[in-house]
Enquirer: 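First, the structure itself, so that you have it in front of you.
Please read these numbers as outputs of a predicted model, since none were measured by experiment.
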Protein chains: 2
Amino acid sequence: MAAPLTREQILNTTEQVLRRFGLDKTSVVDVARALGVSHGTLYRHFSSKAALKEAVAERWLHEVSAPLAIIVENAGSALEKTQLWLERLIHIKQSKALEDPELFAMYNALAEESVESIEKHINDLISQLTQIVEEGMQAGEFQNADAREVASAVFYATARFHHPALAKEWISPAINHEFEQVWNLLVSGLLIRK
Amino acid sequence: MAAPLTREQILNTTEQVLRRFGLDKTSVVDVARALGVSHGTLYRHFSSKAALKEAVAERWLHEVSAPLAIIVENAGSALEKTQLWLERLIHIKQSKALEDPELFAMYNALAEESVESIEKHINDLISQLTQIVEEGMQAGEFQNADAREVASAVFYATARFHHPALAKEWISPAINHEFEQVWNLLVSGLLIRK
DNA sequence: CAAATGACAAATATTTATTTTTGTCATTTG
DNA sequence: CAAATGACAAAAATAAATATTTGTCATTTG
């Protein structure tokens, strides 16, 4: 037992086991066995199975929001950045859903169990978008208004394209074209009228 | 047995039984018993239990689309009519979901089983909206474009507020304000720039 | 003595046995 | 003879019996 068991190790292994066995068939004993420890040990690191699953969910949600944070810091006009940010968000979600629908469904079910983690995640995303919108307003590019409310409106108006509850409908080949149409409509609402 | 059994009677009774017993607990025998006939008789009117449920689902979906069809024929500007139509659609869905969440969930599960009925329903709704948008374009009120594509974009941009898969989120008291914000954004995209 | 173990009870989940339901059709009814 | 019936087999759902899992904690290990 030279190596002390770390939180990271546990989460990595839990993810592996979840991917192998699925959300329903994964027990704490399975995870402990994969780590080569007794299941009692896991309870010294996480207070419950729910807490363990929540930690995995949070890590997964962070994998979505982290690459988007980079776009906020990008160069470019606010309009370009807003479009890029939305397209990136939509691409991340839709490609995950398309590549491995079962795994995507599993992570969403996992996240669904941690309502607070999701709320924080949505809040993170809208905050990122708010920063871009604020920039656009300060630069005189976007119409002046409450930046967070505008960002929320843009986020919710595009929900069809990134909300996991609507993933079933992303198989339609028209989906990209539909996003373009919605985006066209939104652009006029954002920009200053000339 | 003086009265001949009609399709309407069967559907009325099926709805009653579904409301009483729920989607999972309702059997063809239950419906037959409520009608005072043998279950074999029902198979002379509907080819399967699925066909019976589909007919109920279609009737329910029609109750949503029918009152909206009236708005299309209303007087008023295209913008007013578009707003009224959306607000009415959203109100119908959200009030049903709020008043009796279980019944709402049941009818949605029922409809979910009949993919084609749903597709037809969505198509109906977008066709209604297309008619209003077309009017707006012909009257020089809306920017000229493919009316159906614009109508689809408006419909999908407001999905958060009427798509039954997102009903869980309608409990938020902010939901009406969020719709207003999205609507504000869309208005600029619809109207001719002055 | 900090970290891990494993025996244990209560809560969950799975399997198996039993019952109900669906859909058909030869027969009955008015 | 059109409409309805009800006995029946196959499929599906439910309930009962069995096994696993979760979470605790007194004990062990290095």
Side-chain angles (χ1 to χ4, degrees), chain A residues 1-58 102 105-106 109-117, chain B residues 1-58 102 105-106 109-117:
Chain A
M1 316 305 95
L5 195 56
T6 68
R7 186 187 161 88
E8 281 300 293
Q9 271 179 294
I10 295 174
L11 291 182
N12 290 340
T13 303
T14 305
E15 253 191 19
Q16 278 174 24
V17 177
L18 279 169
R19 281 166 196 243
R20 197 169 297 277
F21 295 178
L23 187 52
D24 292 343
K25 300 288 179 183
T26 297
S27 74
V28 175
V29 174
D30 290 331
V31 175
R33 187 166 28 235
L35 281 161
V37 299
S38 79
H39 80 278
T41 297
L42 290 180
Y43 284 91
R44 296 182 49 69
H45 293 264
F46 292 91
S47 66
S48 67
K49 187 186 184 182
L52 176 59
K53 290 197 283 184
E54 190 175 329
V56 173
E58 274 169 13
E102 277 195 53
M106 194 200 72
L110 188 62
E112 204 82 1
E113 290 172 11
S114 312
V115 185
E116 283 185 23
S117 303
Chain B
M1 312 306 97
L5 195 55
T6 69
R7 188 186 159 88
E8 281 301 292
Q9 271 180 296
I10 296 175
L11 291 181
N12 289 339
T13 303
T14 305
E15 253 191 21
Q16 278 174 24
V17 176
L18 279 170
R19 282 166 195 240
R20 196 168 296 277
F21 294 178
L23 188 51
D24 293 344
K25 300 289 180 184
T26 297
S27 75
V28 175
V29 174
D30 290 332
V31 176
R33 187 166 27 237
L35 280 161
V37 299
S38 78
H39 80 278
T41 297
L42 290 180
Y43 284 91
R44 298 182 45 70
H45 294 264
F46 292 91
S47 65
S48 67
K49 188 186 184 181
L52 176 59
K53 290 197 284 183
E54 190 176 329
V56 174
E58 275 169 13
E102 278 196 53
M106 192 199 74
L110 188 63
E112 204 83 1
E113 290 172 12
S114 313
V115 185
E116 284 185 22
S117 303

Enquirer: Measure from CG on B/Leu23 to P on D/dA13 and round the result to the nearest Å.
Expert: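 Whole-Å distance recorded here is 11 Å.
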Enquirer: Would you kindly give the CZ-to-C1' distance between A/Arg44 and D/dC25, to the nearest whole Å?
Expert: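 Between C1' of D/dC25 and CZ of A/Arg44: 11 Å.
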Enquirer: Do A/Phe46 and A/Lys53 have side chains that approach each other closer than 4.5 Å (heavy atoms only, starting at C-beta)?
Expert: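 Counting from C-beta outward, A/Phe46 and A/Lys53 never come under 4.5 Å.
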Enquirer: Out of C/dT5, D/dT22, C/dT21, which has the shortest distance to the side chain of B/Ser27?
Expert: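 Minimum distance to the B/Ser27 side chain belongs to C/dT21.
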Enquirer: Given that both distances must come in under 3.5 Å, which nucleotide forms a Watson-Crick or G-U wobble pair with C/dT27?
Expert: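 Pair assignment: C/dT27 / D/dA4.
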Enquirer: The side chain of B/Ser38 is closest to which nucleotide in this list: C/dA4, D/dT22, D/dT5?
Expert: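 The answer is D/dT5.
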Enquirer: Which heavy atom of A/Ser117 sits nearest to which heavy atom of A/Glu58, and what is that distance?
Expert: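 Smallest heavy-atom distance, with atoms named: OG-OE2, 3.0 Å.
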Enquirer: Specify the separation, in whole Å, of atom OH of B/Tyr43 and atom P of D/dA2.
Expert: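 Rounding to the nearest Å, OH of B/Tyr43 and P of D/dA2 are 24 Å apart.
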Enquirer: Distance check needed: D/dA13 P versus B/Phe21 CZ, whole Å only.
Expert: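 For the pair B/Phe21 CZ and D/dA13 P, the rounded distance is 18 Å.
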Enquirer: How close or far is atom C1' of C/dG23 from atom NZ of B/Lys53, stated in whole angstroms?
Expert: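 In whole Å, C/dG23 C1' and B/Lys53 NZ are 14 Å from each other.
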Enquirer: Does the structure show a Watson-Crick or G-U wobble partner for C/dT12, both distances under 3.5 Å? Name it, or say none.
Expert: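 C/dT12 is paired, partner D/dA19.
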Enquirer: Starting from the 5' end of DNA chain C, give me the residue, A/Asp24 or A/Gly40, whose nearest nucleotide shows up first.
Expert: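 The answer here is A/Gly40.
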Enquirer: Just the rounded figure in Å: distance from P of C/dG23 to CG of B/Leu52.
Expert: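 Between P of C/dG23 and CG of B/Leu52: 10 Å.
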Enquirer: Quick one, A/Glu113 and A/Leu23 - any side-chain contact, counting heavy atoms below 4.5 Å?
Expert: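 Yes, side chains in contact.
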Enquirer: What's the CD1-C1' distance between B/Ile10 and D/dA3, to the nearest Å?
Expert: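 One finds 12 Å between C1' of D/dA3 and CD1 of B/Ile10, rounded.
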Enquirer: Looking at C/dG6, does its base get a donor-acceptor pair with the side chain of A/His39 below 3.5 Å?
Expert: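 Check fails, no donor-acceptor contact within cut-off.
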Enquirer: Which nucleotide, in any strand shown, forms a Watson-Crick or G-U wobble pair with C/dT20, with both distances under 3.5 Å?
Expert: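 C/dT20 is paired with D/dA11.
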Enquirer: Does A/Thr41 reach the side chain of A/Leu35, with side-chain heavy atoms less than 4.5 Å apart?
Expert: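 Side chain of A/Thr41 against side chain of A/Leu35, heavy atoms only: no contact under 4.5 Å found.
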Enquirer: Check every strand shown and say whether B/Val28 touches a base, only sugar-phosphate, or nothing at a heavy-atom separation below 4.0 Å.
Expert: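 Sugar-phosphate only.
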Enquirer: It should be established whether B/Lys25 places a side-chain nitrogen or oxygen under 4.0 Å from OP1 or OP2 of nucleotide D/dT14.
Expert: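 Yes, because at least one side-chain N or O of B/Lys25 sits under 4.0 Å from OP1 or OP2 of D/dT14.
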Enquirer: Could you check which of C/dT22, D/dT22, D/dA4 has an atom nearest any side-chain atom of B/His45?
Expert: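 Per side-chain heavy atoms of B/His45, the pick is D/dA4.
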Enquirer: Atom CG of B/Leu42 to atom P of D/dG6: distance rounded to whole Å?
Expert: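 My rounded result for the distance is 14 Å.
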Enquirer: Quick one: are B/His45 and B/Leu42 in side-chain contact, heavy atoms under 4.5 Å?
Expert: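 Side-chain contact under 4.5 Å: no.
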